[in-house]
Amino acid sequence: MTKEHNPVDDGYAILHNEDFEAPFRSKIITNEGWLFNTSRRATSLNGEWAFAHDLHFNGLRSKWFQMEPSAPEDRYFPYDWDPFNADTTTVPSNWQMVDEKLYLFEGAGWYARTIRKEDLPAAARHFLRIGAAAYECKVFLNGEYLGRHQGASTPFALELTGHLRDGDNYLMLCVDNLRTLDRVPMRHTDWFNYGGVYREVEIYSTPEAIVRDMFVALVPDGEFNKIRVEAELDGALAEARFEIPELGIHEILTVADGKAEAVIEATPELWSPGNPMLYDLSLSYGEDRVEDRVGFREIRRDGTDVVLNGKPIYLRGISVHEDDDKLGKVNSEEDLDRRFGHAKELGCNFIRLAHYPHHEAAAKKADELGIMLWEEVPVYWKIDFTNTATKADADNQLRELIRRDRNRASVIIWSVGNENPDSDPRFDFMKGLVDTCKELDPTRLTSAACLVSHEKLAIADRLAEVIDIIGINEYYGWYLPDYAEMITVGENSNPDRPVVITETGADAVIPAHGGLEHGKFSESYMAEVYTRQIEILEQLDYVKGISPWILYDFRAERRQNKWQKGWNRKGLIAQDKQTKKAGFHIMAEFYHRKAAEEES
Ligand code: GCU
């Protein structure tokens, strides 16, 4: 505020203006601004940021983002937060795990820090990249609103070049985790509504001409002898160089209208769970160069078979959330190693990353370890399928996920949703997402976790017409008491494509943790459910995989009985991520037996 301006008028405007968000509805940041970041040199902005929670969006109303540094005694107008003289929080983090006052907080969180341009590498261009911020992130630099990103689990990039000035630049983020009727997911989920900037924040400093995106994959024609590379280039140069030294590939690509592509004869060693072979490759464009480590494999369906590199496979899976007793939704190498270690111990060759894009490190680790992945966008339960802005949000989250992970051999399935109520708008909305999958990546299979049709007593979701694999969430033994019905559904169903049981399970608390000896929520009841489920599922030849719900107990505020206390207890392992329950051993026996049969 300037001295001659009467701040009281502003004061009343702040109090009475309920259309304060109007200036911040435009400039939606989407995958159109994608920046391929694997291997790029980055300036990390992780660490201490000024932070305040903001339940009433006072920061937007009072324009905190326009404040500049000042000694407190020199500030002319009273203020409710000073981004330059504030408590701090560590980025990446979820505010719920940093401050117990904010455990159930749903509102805005303000993050602020200064970037000195001289501290960045000298470069023609600078891009801000945020790995994930839940749910909406408004970006301000030096008092100017630059744009907003929607979606709690995917990365986004924003060019800062024309906005950075010499000396100090004030970067502020307003991140809110409100649950609303038009978001994706909507306002009702069975997982915890973490908020905040919970993945890495970086600045990439690049030459003028850059590689925006690169997608490399085996041509899925059953020949295993051609590699296709396609790239998006941002610059005026007419050529790019693509190299896979170990395969003797040094290909000059012609660039036209910002695009380049080639199909190159090659017979790489194929990636598979038993042989997770990866190749180092690079794409150079002028002074810019990006690299990646990519596995080459083919995944397709043939009748009710899932076929990897020409051989039918059975997906020995487990579902996982991104949730930790101490970390919340923040990724750590240790947590990933533990997750994959327990999956391997269970005998898994497949993990369903539910219900949203997990950290990009998960797919990179799965590439190295040889574990196939199901990746999913949070089109979960009820969504406003008639809302075009909601559809654009869902489609953009899916495009950001696919662009981020389509070079990951471990990812074999893109899932467009989970347990959605059927309707014409839902069918159109989700078919549109399946079309996006095929547009951005014709090399993978599509799916969704559907429900059994109880009026037909069969697997009969019409979405099955457009997805490659029918995911089925069935809880016979838990939400559905009658195993006999499960047998009837199995017999009544005659799918023309593979079915994967994407969820089944039961809550359980072990006696040592206060659990019952018998009945629902007891470990013995969980054991019975898993035993019966395996007995029945083994009889269904068109079932080509299972990913039981779920590896670990996870936070879910809907769950408040005396055993749940805000956690979903269906984990095969308890929330301590070490105590195994009966279901773990029963599934492990089944999977190890299944693996041995395949090898014999
Ligand atoms: C549903 C849903 C999960 C949920 C689970 C449960 O199938 O997909 O997100 O946690 O069932 O009820 O435990």
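Any value given below was found using the heavy atoms of this structure, including those in side chains, with hydrogens, waters and symmetry copies removed. Start at 1 and go down the list; that is how both ligands and their atoms are numbered. All residue numbers refer to positions in the sequence shown, counting from 1.
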Notebook entry, point to check: Taking the minimum heavy-atom distance to atom 6 (C) of ligand 1, which of R559, E503, E419 ranks first?
Noted result: R559
Next item on the list: In plain terms, say whether E597 and R593 are close enough for a salt bridge, that is, a side-chain N and a carboxylate O under 4.0 Å apart.
Entry: yes
Notebook entry, point to check: Does R532 make a cation-pi contact with Y483 (under 6.0 Å, within 45 degrees of the axis)?
Noted result: yes
Item checked: H321 N/O under 3.5 Å from ligand 1 N/O -> no
Next item on the list: Give me the one residue out of D393, D176, N177 that meets side chain to side chain donor-acceptor pair (under 3.5 Å) with Y135.
Entry: D393
Next item on the list: Can you establish whether the number of heavy atoms outside D482 located under 6.0 Å from its atom CG is more than 12?
Entry: yes
Next item on the list: Compute the centroid of each ring, for W549 and then for H355, and state whether the two points are separated by less than 6.0 Å.
Entry: yes
Next item on the list: For ligand 1, note which part of T189 has a heavy atom under 4.0 Å away: side chain, backbone, both or neither.
Entry: neither
Next item on the list: State the atoms of ligand 1, each with its element, that fall below the 4.0 Å cut-off from a heavy-atom position in K570.
Entry: 6 (C), 12 (O), 13 (O)
Next item on the list: Please identify which atoms of ligand 1 are closer than 4.0 Å to at least one heavy atom of H355.
Entry: 3 (C), 8 (O), 9 (O)
Margin query: Return the closest protein heavy atom for atom 5 (C) of ligand 1 as residue, atom name and distance.
Written below: Y475 OH, 3.4 Å
Next item on the list: Report yes if some heavy atom in the side chain of D441 is under 4.5 Å from a heavy atom in the side chain of F215; otherwise report no.
Entry: yes
Margin query: Under 3.5 Å between any N/O of W381 and any N/O of ligand 1: does that happen in this structure?
Written below: no
Check: Hey, which atoms in ligand 1 end up nearer than 4.0 Å to a heavy atom of N473?
Finding: 7 (O), 8 (O)
Notebook entry, point to check: With a cut-off of under 6.0 Å to the ring centre and 45° to the axis, is K594 in cation-pi contact with Y314?
Noted result: yes
Margin query: Using a 4.0 Å cut-off to any heavy atom of Y479, which atoms of ligand 1 qualify?
Written below: 6 (C), 12 (O), 13 (O)
Note to self: Looking at N561, I'd like to know if its CG atom is crowded, meaning that more than 12 non-hydrogen atoms belonging to other residues, nucleotides or ligands lie closer than 6.0 Å.
What the structure shows: yes
Item checked: Ligand-residue contact atoms, ligand 1 with F554, heavy atoms, under 4.0 Å -> 10 (O)
Margin query: Please classify the N418 to ligand 1 contact at 4.0 Å (heavy-atom distances, strictly less than): side chain, backbone, both or neither.
Written below: side chain
Next item on the list: Could you find the nearest protein heavy atom to atom 4 (C) of ligand 1 and give me its residue, atom name and distance?
Entry: D190 OD2, 3.2 Å
